[in-house]
Amino acid sequence: MTGYLLRRLAGALAVVLVLTAVVYATFYIAPGDPARLACGPRCNPEQIAQVRAQLSLDDPVYTQYWHFLQGLVTGHDYSTGAGVLHCDAPCFGLSYQNNQQVTDMLVERLPATASLAVGAMAVWLLLGTATGLLSALRRGGITERVLTWLTLAGTATPVFISGLGLLMLFCAYLAWLPFPTYVPLTDDPEQWAWNMLLPWAALGLLESAKYARLTRSSLLETLAEDHIRTFRAYGATERSLVGRHALRGAVAPVIALSAADFGSMFGNAVLTEMMFGLPGIGQLLVHATTTLDLPVVVAVVMVTGTAVVLANILADVLHAAADRRVVLR
């Protein structure tokens, strides 16, 4: 296990290094002038030249890229009107809009995105796994057909449609829940949970349909294996077969996929945060994109890309832990 993790981490480091090169080339070397974006539309050529010198954009491309990597590892010093500002590692630079450290902006927005991700993951695992198990155990009947139809409808429904429907039903029509307003967990846990229920449901329902279909197919495949038929021939009850033997093998791919989806769920999280007004990283990315705040966009892309790489390693490890037949090499 240790050797496998070391090899995967080394491979992940190489992938992240390639990601930094692609991101830097896309946002800083592609046609466009970062100095003009940082200075603003009303700057004259002298002011743009001053900003270019402050950002070291007159250096060769390889020197700029080295400074970018160096900032991610050890931090970087920036010249501002108020003097020299040190940016702690990992340093993604200063925002073009408010001259604030991008790392601090990400840390400030991270709790809202983490709250959404963890809660939605719990919803899709519980609801998706339970629906898939029930559909597999009731195969061939009306229950399976109804659940299959619901999962297909859930897969085809975009998150902004389900979110809008939940808002209209539970907030406007039934008035059971308040319109979501993000409250930090440390301030009031009860209000935090109440205000996060609808965002969790909107994002979790979309993903739960996929997990219901995966759980159903995995359980049916496991129940058809030779050792399950042997246990059934010896008189084992269906409940014992499912609970003690089939369930572990069927849930293993679900656990692995959930770890990978947790790292790559950012696309749907952006829509969910914008719809429910959550001050998370997704909302920050949309604002940075509309204002052409390149350091913020680069930081969000780097953080989410690194999360996907690490989540895939975690998925392989969890798959092996849940299914003893899987050998990590």
Side-chain angles (χ1 to χ4, degrees), residues 1-27 65-75 88-92 102-103 106-107 109-111 113-122 124-125 128-129 203-204 207-208 210-211 213-215 217-219 221-222 225 247-270 280-282 285 297-329:
M1 176 69 74
T2 303
Y4 172 80
L5 288 177
L6 291 177
R7 290 192 299 272
R8 287 300 303 269
L9 289 176
L13 182 61
V15 172
V16 172
L17 184 61
V18 173
L19 177 64
T20 60
V22 173
V23 169
Y24 191 85
T26 302
F27 291 102
Y65 177 61
W66 172 251
H67 289 162
F68 177 71
L69 291 180
Q70 191 177 27
L72 295 179
V73 178
T74 62
D88 297 326
C91 179
F92 296 101
V102 177
T103 305
L106 290 178
V107 172
R109 300 280 188 137
L110 185 60
T113 301
S115 299
L116 175 63
V118 173
M121 183 178 180
W124 83 52
L125 281 178
T129 304
L203 186 55
E207 297 291 335
S208 65
K210 176 175 62 178
Y211 283 85
R213 300 185 66 182
L214 176 62
T215 303
S217 60
S218 298
L219 184 58
E221 182 180 353
T222 305
E225 293 181 354
L247 187 59
R248 185 185 183 101
V251 173
V254 175
I255 297 175
L257 183 62
S258 64
D261 280 349
F262 185 78
S264 59
M265 66 180 295
F266 187 74
N268 289 325
V270 170
I281 295 178
L285 175 63
V297 177
V298 168
V300 174
V301 173
M302 285 297 305
V303 169
T304 53
T306 304
V308 171
V309 173
L310 296 178
N312 278 276
I313 299 176
L314 180 61
D316 291 340
V317 174
L318 291 177
H319 192 186
D323 192 348
R324 297 176 182 177
R325 296 170 296 180
V326 177
V327 179
L328 299 178
R329 295 180 179 178

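Residue numbers run from 1 in the order of the sequence given. Computed from a prediction, not measured in an experiment: that's the story for all the values here. No hydrogens, no waters, no symmetry mates; every other heavy atom, side chains included, goes into these values.
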- Hey, does the side chain of T74 reach the backbone of G71 with a donor-acceptor pair shorter than 3.5 angstrom? no

- Angle class for the W124/Y211 ring planes (parallel below 30°, perpendicular above 60°, tilted otherwise)? parallel

- Message: Quick check: closest heavy atoms across V308 and N312, and the distance to 0.1 Å?
- Response: O-ND2, 2.6 Å

- Item | Atom of T103, atom of P90 and distance for their closest heavy-atom approach | OG1-O, 2.6 Å

- Just wondering, are more than 12 heavy atoms of other shown residues or ligands nearer than 6.0 Å to CD in E221? no

- Task: Working to the nearest 0.5 Å, report the span between CE of M302 and CZ of F27.
- Result: 11.0 Å

- Message: Would V300 and T304 count as a side chain to side chain contact (heavy atoms under 4.5 Å, CB included) here? Give the steps.
- Response: CA-CA 6 Å; V300 174; T304 53; 4.3 Å; yes

- Task: Look at the side chain of T113 and the backbone N and O of G280, then say whether any donor-acceptor pair between them is shorter than 3.5 Å.
- Result: no

Check residues 8-22 and write down every donor-acceptor pair under 3.5 Å in which the side-chain atom is one partner and the other belongs to a residue at least two apart or another chain.
from : atom 1 : to   : atom 2 : distance (Å)
R8   : NH1    : Y4   : OH     : 2.7
R8   : NH1    : D316 : OD2    : 2.4
T20  : OG1    : L17  : O      : 2.4
T20  : OG1    : Y65  : OH     : 2.9

- Should we count CZ of R109 as having more than 12 external heavy atoms under 6.0 Å? yes

- Message: How close do T215 and G128 get, counting heavy atoms only, and between which atoms?
- Response: OG1-O, 4.2 Å

- Which atoms form the tightest heavy-atom contact between C91 and L72, and what is the distance? O-CD2, 3.5 Å

